[in-house]
Number of protein chains: 2
Amino acid sequence: MGNCCDMRGFLTFTVLRLVSKNSMSGEELRQELGRRKGSKPSPGTVYPVLKAMSANGWIREVGHGIREKKYRITAAGKKELKSATKKFISIFCDMKDEFDKVSARS
Amino acid sequence: MGNCCDMRGFLTFTVLRLVSKNSMSGEELRQELGRRKGSKPSPGTVYPVLKAMSANGWIREVGHGIREKKYRITAAGKKELKSATKKFISIFCDMKDEFDKVSARS
DNA sequence: ACTTGTATATCGCACAACCGATATGTTTAA
DNA sequence: TTAAACATATCGGTTGTGCGATATACAAGT
(Lines give C-alpha, C1' and ligand atoms only; values in the text may rest on other atoms or scores of the structure.)
Protein backbone atom coordinates (compact mmCIF):
# COMPACT_ATOMS: atom_id res chain seq x y z
CA MET A 1 0.00 0.00 0.00
CA GLY A 2 2.22 2.78 -1.30
CA ASN A 3 0.00 5.73 -0.68
CA CYS A 4 -3.32 5.94 1.04
CA CYS A 5 -5.42 6.24 -2.02
CA ASP A 6 -4.43 5.93 -5.64
CA MET A 7 -7.92 7.09 -6.52
CA ARG A 8 -8.72 4.05 -8.57
CA GLY A 9 -12.29 3.70 -9.64
CA PHE A 10 -12.76 7.34 -10.40
CA LEU A 11 -11.92 7.26 -14.10
CA THR A 12 -15.29 6.44 -15.61
CA PHE A 13 -16.99 8.87 -13.30
CA THR A 14 -14.59 11.67 -14.16
CA VAL A 15 -14.78 11.03 -17.89
CA LEU A 16 -18.54 11.15 -17.68
CA ARG A 17 -18.34 14.47 -15.88
CA LEU A 18 -15.89 15.96 -18.36
CA VAL A 19 -17.83 14.85 -21.39
CA SER A 20 -21.01 16.23 -19.90
CA LYS A 21 -19.60 19.75 -20.17
CA ASN A 22 -17.84 19.72 -23.53
CA SER A 23 -17.65 17.13 -26.26
CA MET A 24 -14.13 15.78 -26.04
CA SER A 25 -11.84 13.32 -27.80
CA GLY A 26 -9.88 10.54 -26.18
CA GLU A 27 -6.70 12.53 -26.47
CA GLU A 28 -8.23 15.63 -24.93
CA LEU A 29 -9.49 13.51 -22.07
CA ARG A 30 -6.04 12.04 -21.54
CA GLN A 31 -4.57 15.52 -21.33
CA GLU A 32 -7.13 16.86 -18.90
CA LEU A 33 -6.92 13.76 -16.72
CA GLY A 34 -3.16 14.06 -16.72
CA ARG A 35 -3.43 17.66 -15.68
CA ARG A 36 -5.58 16.73 -12.72
CA LYS A 37 -3.96 13.52 -11.60
CA GLY A 38 -0.38 14.48 -12.23
CA SER A 39 0.26 11.62 -14.61
CA LYS A 40 -1.33 11.22 -18.03
CA PRO A 41 -3.24 7.96 -18.30
CA SER A 42 -2.08 5.58 -21.00
CA PRO A 43 -4.06 4.99 -24.19
CA GLY A 44 -4.77 1.49 -22.94
CA THR A 45 -6.61 3.08 -20.05
CA VAL A 46 -8.74 5.65 -21.79
CA TYR A 47 -9.92 4.02 -24.99
CA PRO A 48 -11.32 0.85 -23.43
CA VAL A 49 -13.21 3.05 -20.99
CA LEU A 50 -14.69 5.10 -23.84
CA LYS A 51 -15.67 1.91 -25.62
CA ALA A 52 -17.35 0.50 -22.53
CA MET A 53 -19.16 3.74 -21.89
CA SER A 54 -20.36 3.82 -25.49
CA ALA A 55 -21.55 0.24 -25.20
CA ASN A 56 -23.49 1.27 -22.11
CA GLY A 57 -25.06 4.12 -24.03
CA TRP A 58 -23.71 6.80 -21.72
CA ILE A 59 -21.71 8.61 -24.39
CA ARG A 60 -22.05 8.88 -28.14
CA GLU A 61 -19.57 9.53 -30.89
CA VAL A 62 -20.09 12.79 -32.75
CA GLY A 63 -18.39 13.30 -36.09
CA HIS A 64 -16.51 16.52 -35.37
CA GLY A 65 -12.77 16.83 -35.67
CA ILE A 66 -10.40 15.96 -38.48
CA ARG A 67 -8.70 12.95 -37.14
CA GLU A 68 -10.27 13.00 -33.74
CA LYS A 69 -13.41 11.31 -32.57
CA LYS A 70 -15.35 13.51 -30.24
CA TYR A 71 -17.65 12.07 -27.65
CA ARG A 72 -20.73 13.56 -26.12
CA ILE A 73 -22.88 12.54 -23.20
CA THR A 74 -26.28 10.98 -23.91
CA ALA A 75 -29.54 11.21 -22.02
CA ALA A 76 -28.82 7.88 -20.37
CA GLY A 77 -25.38 9.18 -19.50
CA LYS A 78 -26.84 12.23 -17.84
CA LYS A 79 -29.12 10.05 -15.80
CA GLU A 80 -26.22 7.84 -14.77
CA LEU A 81 -24.10 10.87 -13.94
CA LYS A 82 -26.81 12.29 -11.77
CA SER A 83 -27.17 9.17 -9.69
CA ALA A 84 -23.41 8.67 -9.46
CA THR A 85 -22.98 12.26 -8.32
CA LYS A 86 -25.59 11.76 -5.66
CA LYS A 87 -23.75 8.71 -4.41
CA PHE A 88 -20.46 10.55 -4.52
CA ILE A 89 -21.78 13.43 -2.46
CA SER A 90 -23.27 11.00 -0.01
CA ILE A 91 -19.91 9.34 0.55
CA PHE A 92 -17.90 12.53 0.72
CA CYS A 93 -20.62 14.58 2.32
CA ASP A 94 -18.25 16.22 4.76
CA MET A 95 -15.69 17.47 2.30
CA LYS A 96 -17.45 20.73 1.57
CA ASP A 97 -15.04 22.63 3.80
CA GLU A 98 -12.00 21.39 1.93
CA PHE A 99 -13.50 22.51 -1.36
CA ASP A 100 -14.35 25.90 0.02
CA LYS A 101 -10.72 26.48 0.89
CA VAL A 102 -9.68 26.11 -2.72
CA SER A 103 -10.39 28.69 -5.37
CA ALA A 104 -12.02 27.44 -8.54
CA ARG A 105 -9.84 26.52 -11.49
CA SER A 106 -10.03 28.35 -14.80
CA MET B 1 -19.72 -2.36 -15.99
CA GLY B 2 -22.78 -2.31 -13.82
CA ASN B 3 -22.86 1.30 -12.79
CA CYS B 4 -20.63 4.15 -13.71
CA CYS B 5 -18.71 4.30 -10.51
CA ASP B 6 -18.69 1.78 -7.71
CA MET B 7 -16.35 4.08 -5.83
CA ARG B 8 -13.69 1.47 -5.44
CA GLY B 9 -10.40 2.68 -4.14
CA PHE B 10 -11.78 5.21 -1.74
CA LEU B 11 -12.19 3.05 1.30
CA THR B 12 -8.81 3.72 2.86
CA PHE B 13 -9.15 7.38 2.15
CA THR B 14 -12.57 7.57 3.74
CA VAL B 15 -11.54 5.57 6.78
CA LEU B 16 -8.59 7.86 7.27
CA ARG B 17 -10.89 10.85 7.11
CA LEU B 18 -13.39 9.38 9.57
CA VAL B 19 -10.76 8.35 12.07
CA SER B 20 -9.16 11.78 11.88
CA LYS B 21 -12.29 13.28 13.44
CA ASN B 22 -13.22 10.76 16.10
CA SER B 23 -11.55 7.63 17.32
CA MET B 24 -13.66 4.78 15.99
CA SER B 25 -13.87 1.02 16.07
CA GLY B 26 -14.09 -1.30 13.08
CA GLU B 27 -17.76 -1.84 13.73
CA GLU B 28 -18.50 1.86 14.00
CA LEU B 29 -16.66 2.41 10.75
CA ARG B 30 -18.69 -0.31 9.05
CA GLN B 31 -21.88 1.36 10.19
CA GLU B 32 -20.90 4.83 9.07
CA LEU B 33 -19.61 3.57 5.75
CA GLY B 34 -22.81 1.66 5.25
CA ARG B 35 -24.81 4.79 5.99
CA ARG B 36 -22.93 6.71 3.33
CA LYS B 37 -22.55 4.09 0.63
CA GLY B 38 -25.91 2.45 1.02
CA SER B 39 -24.47 -0.97 1.76
CA LYS B 40 -22.50 -1.92 4.83
CA PRO B 41 -19.08 -3.25 3.92
CA SER B 42 -18.31 -6.77 5.09
CA PRO B 43 -15.93 -7.51 7.96
CA GLY B 44 -13.54 -8.98 5.40
CA THR B 45 -13.36 -5.54 3.85
CA VAL B 46 -12.86 -3.34 6.87
CA TYR B 47 -10.53 -5.24 9.17
CA PRO B 48 -7.79 -5.94 6.64
CA VAL B 49 -7.84 -2.25 5.77
CA LEU B 50 -7.42 -1.30 9.43
CA LYS B 51 -4.58 -3.76 9.73
CA ALA B 52 -2.81 -2.38 6.69
CA MET B 53 -3.28 1.18 7.84
CA SER B 54 -1.88 0.30 11.24
CA ALA B 55 1.11 -1.38 9.60
CA ASN B 56 1.67 1.81 7.66
CA GLY B 57 1.56 3.80 10.84
CA TRP B 58 -1.37 5.95 9.76
CA ILE B 59 -3.66 4.88 12.59
CA ARG B 60 -3.02 3.57 16.08
CA GLU B 61 -5.02 1.38 18.38
CA VAL B 62 -6.22 3.09 21.52
CA GLY B 63 -7.42 0.96 24.43
CA HIS B 64 -10.85 2.53 24.96
CA GLY B 65 -14.02 0.55 24.65
CA ILE B 66 -15.18 -2.56 26.41
CA ARG B 67 -15.05 -5.10 23.66
CA GLU B 68 -14.20 -2.72 20.89
CA LYS B 69 -10.83 -1.62 19.65
CA LYS B 70 -10.80 2.04 18.88
CA TYR B 71 -8.48 3.50 16.32
CA ARG B 72 -7.04 6.97 16.13
CA ILE B 73 -5.12 8.78 13.45
CA THR B 74 -1.37 9.31 13.94
CA ALA B 75 0.88 12.16 12.89
CA ALA B 76 1.97 10.18 9.84
CA GLY B 77 -1.67 9.52 9.10
CA LYS B 78 -2.46 13.22 9.20
CA LYS B 79 0.34 13.90 6.79
CA GLU B 80 -0.90 11.20 4.45
CA LEU B 81 -4.45 12.48 4.72
CA LYS B 82 -3.34 15.96 3.84
CA SER B 83 -1.58 14.91 0.65
CA ALA B 84 -4.40 12.57 -0.34
CA THR B 85 -6.93 15.33 0.18
CA LYS B 86 -4.90 17.64 -2.01
CA LYS B 87 -4.87 15.03 -4.74
CA PHE B 88 -8.57 14.43 -4.32
CA ILE B 89 -9.39 18.10 -4.64
CA SER B 90 -7.18 18.34 -7.69
CA ILE B 91 -9.05 15.55 -9.42
CA PHE B 92 -12.51 16.70 -8.45
CA CYS B 93 -11.68 20.37 -8.56
CA ASP B 94 -14.89 21.29 -10.31
CA MET B 95 -17.31 19.63 -7.94
CA LYS B 96 -17.55 22.54 -5.57
CA ASP B 97 -20.92 23.53 -6.99
CA GLU B 98 -22.42 20.13 -6.36
CA PHE B 99 -21.29 20.25 -2.76
CA ASP B 100 -22.66 23.71 -2.25
CA LYS B 101 -26.11 22.51 -3.25
CA VAL B 102 -26.18 20.03 -0.40
CA SER B 103 -26.61 21.01 3.19
CA ALA B 104 -24.16 19.58 5.70
CA ARG B 105 -25.05 16.39 7.52
CA SER B 106 -25.55 16.28 11.25
C1' DA C 1 6.29 8.02 -52.25
C1' DC C 2 8.16 8.20 -47.81
C1' DT C 3 8.55 9.64 -43.32
C1' DT C 4 6.97 11.73 -39.20
C1' DG C 5 3.65 12.95 -35.87
C1' DT C 6 -0.81 12.28 -34.00
C1' DA C 7 -4.98 9.72 -32.66
C1' DT C 8 -7.43 5.56 -32.12
C1' DA C 9 -7.72 0.69 -30.89
C1' DT C 10 -6.75 -3.96 -28.78
C1' DC C 11 -4.42 -7.51 -26.14
C1' DG C 12 -2.59 -9.63 -22.06
C1' DC C 13 -1.24 -8.72 -17.51
C1' DA C 14 -0.64 -6.98 -12.63
C1' DC C 15 -2.42 -5.40 -8.70
C1' DA C 16 -5.54 -4.04 -5.21
C1' DA C 17 -10.28 -3.62 -3.40
C1' DC C 18 -13.76 -5.95 -1.83
C1' DC C 19 -16.67 -9.88 -0.63
C1' DG C 20 -18.31 -14.34 1.54
C1' DA C 21 -17.43 -17.68 4.61
C1' DT C 22 -15.49 -18.95 8.53
C1' DA C 23 -12.92 -18.91 12.81
C1' DT C 24 -11.58 -16.81 17.20
C1' DG C 25 -12.13 -14.28 21.29
C1' DT C 26 -15.17 -11.68 24.69
C1' DT C 27 -19.04 -9.82 27.06
C1' DT C 28 -23.80 -10.29 28.77
C1' DA C 29 -27.77 -13.11 29.99
C1' DA C 30 -29.99 -17.18 31.51
C1' DT D 1 -21.37 -22.98 32.69
C1' DT D 2 -23.70 -22.86 28.98
C1' DA D 3 -25.70 -20.06 25.39
C1' DA D 4 -26.39 -16.06 22.69
C1' DA D 5 -24.78 -11.85 20.85
C1' DC D 6 -21.20 -9.06 19.41
C1' DA D 7 -16.62 -7.65 17.67
C1' DT D 8 -12.48 -8.84 15.63
C1' DA D 9 -9.62 -11.49 12.50
C1' DT D 10 -8.13 -14.33 8.49
C1' DC D 11 -8.43 -16.85 4.09
C1' DG D 12 -9.41 -17.71 -0.70
C1' DG D 13 -11.42 -16.01 -4.60
C1' DT D 14 -13.62 -12.66 -7.78
C1' DT D 15 -13.84 -8.47 -10.05
C1' DG D 16 -12.36 -4.62 -12.63
C1' DT D 17 -9.25 -0.73 -13.01
C1' DG D 18 -5.43 0.81 -15.13
C1' DC D 19 -0.87 -0.03 -17.53
C1' DG D 20 2.61 -1.38 -21.17
C1' DA D 21 3.27 -2.83 -25.54
C1' DT D 22 1.79 -3.04 -29.85
C1' DA D 23 -0.91 -2.38 -34.04
C1' DT D 24 -3.68 0.42 -37.18
C1' DA D 25 -5.18 4.63 -39.44
C1' DC D 26 -4.61 9.07 -41.18
C1' DA D 27 -2.85 13.83 -42.03
C1' DA D 28 0.91 16.86 -43.10
C1' DG D 29 5.52 17.92 -44.43
C1' DT D 30 9.66 16.80 -47.24
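Order of the sequence lines sets the chain letters (A, B, ...), proteins ahead of strands, with each chain counted from 1. What you see below is based on every heavy atom in this structure, not just the backbone, and it leaves out hydrogens, waters and symmetry mates.
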Figure out the CD1/C1' separation between A:Ile91 and C:dC18, and round it to whole Å.
14 Å
Hits for side-chain hydrogen bond (donor to acceptor under 3.5 Å, both in side chains) against B:Lys40, two or more places apart or cross-chain, chain-then-number order -> B:Glu27
Check side-chain hydrogen bond (donor to acceptor under 3.5 Å, both in side chains) between A:Thr45 and all other residues, then give those that pass, not counting sequence neighbours.
A:Ser42
Contact check, side chains of B:Ser20 and B:Lys78, non-hydrogen atoms, under 4.5 Å
no
Could you pull out the protein-nucleic contacts involving nucleotides 5-7 of chain D (nitrogen or oxygen on both sides, under 3.5 Å)?
none

What is the distance, rounded to the nearest whole Å, between atom CG of A:Leu29 and atom C1' of D:dT17?
17 Å
Please state how far atom CE in B:Met24 lies from atom P in D:dT8, giving the value in whole angstrom units.
11 Å
Taking side-chain hydrogen bond (donor to acceptor under 3.5 Å, both in side chains) as the definition, give me every residue that meets it alongside A:Arg60, ordered by chain and number, with sequence neighbours left out.
none
Roughly, in whole Å, what's the span from CG in B:Leu50 to P in D:dA9?
8 Å
Testing A:Lys96, A:Lys82, A:Arg17 one by one against B:Glu98 for a salt bridge (Lys or Arg N to Asp or Glu O under 4.0 Å), which residue passes?
A:Arg17
Could you state the CE-P distance from B:Met53 to D:dA9, rounded to the nearest angstrom?
14 Å
Over 12 non-hydrogen atoms of neighbours within 6.0 angstrom of CZ in A:Arg72
no
Relative to the ring of B:Phe88, is the ring of B:Phe13 parallel (under 30°), tilted (30 to 60°) or perpendicular (over 60°)?
parallel
Rounded to whole Å, the CZ-P distance (A:Phe13 to D:dT17) equals 14 Å
It should be established whether A:Lys51 places a side-chain nitrogen or oxygen under 4.0 Å from OP1 or OP2 of nucleotide C:dA9.
no
Run the ring-ring contact (aromatic ring centres under 6.0 Å, His included) check on A:Phe92 and B:Phe92 step by step: do they pass?
CA-CA 11 Å; A:Phe92 300 108; B:Phe92 300 109; 7.3 Å; no
Could you pull out all residues at least two apart from B:Glu61 that satisfy side-chain contact (heavy atoms from CB on, under 4.5 Å)?
B:Lys69, B:Tyr71
Atom CG of B:Leu33 and atom C1' of C:dC19 are separated, to the nearest Å, by 15 Å
Collect all protein-nucleotide pairs involving nucleotides 19-23 of chain D in which both atoms are nitrogen or oxygen and the distance is under 3.5 Å.
{"unit_1": "D:dC19", "atom_1": "OP2", "unit_2": "A:Thr45", "atom_2": "OG1", "d": "2.3"}
{"unit_1": "D:dC19", "atom_1": "N4", "unit_2": "A:Gly44", "atom_2": "O", "d": "3.0"}

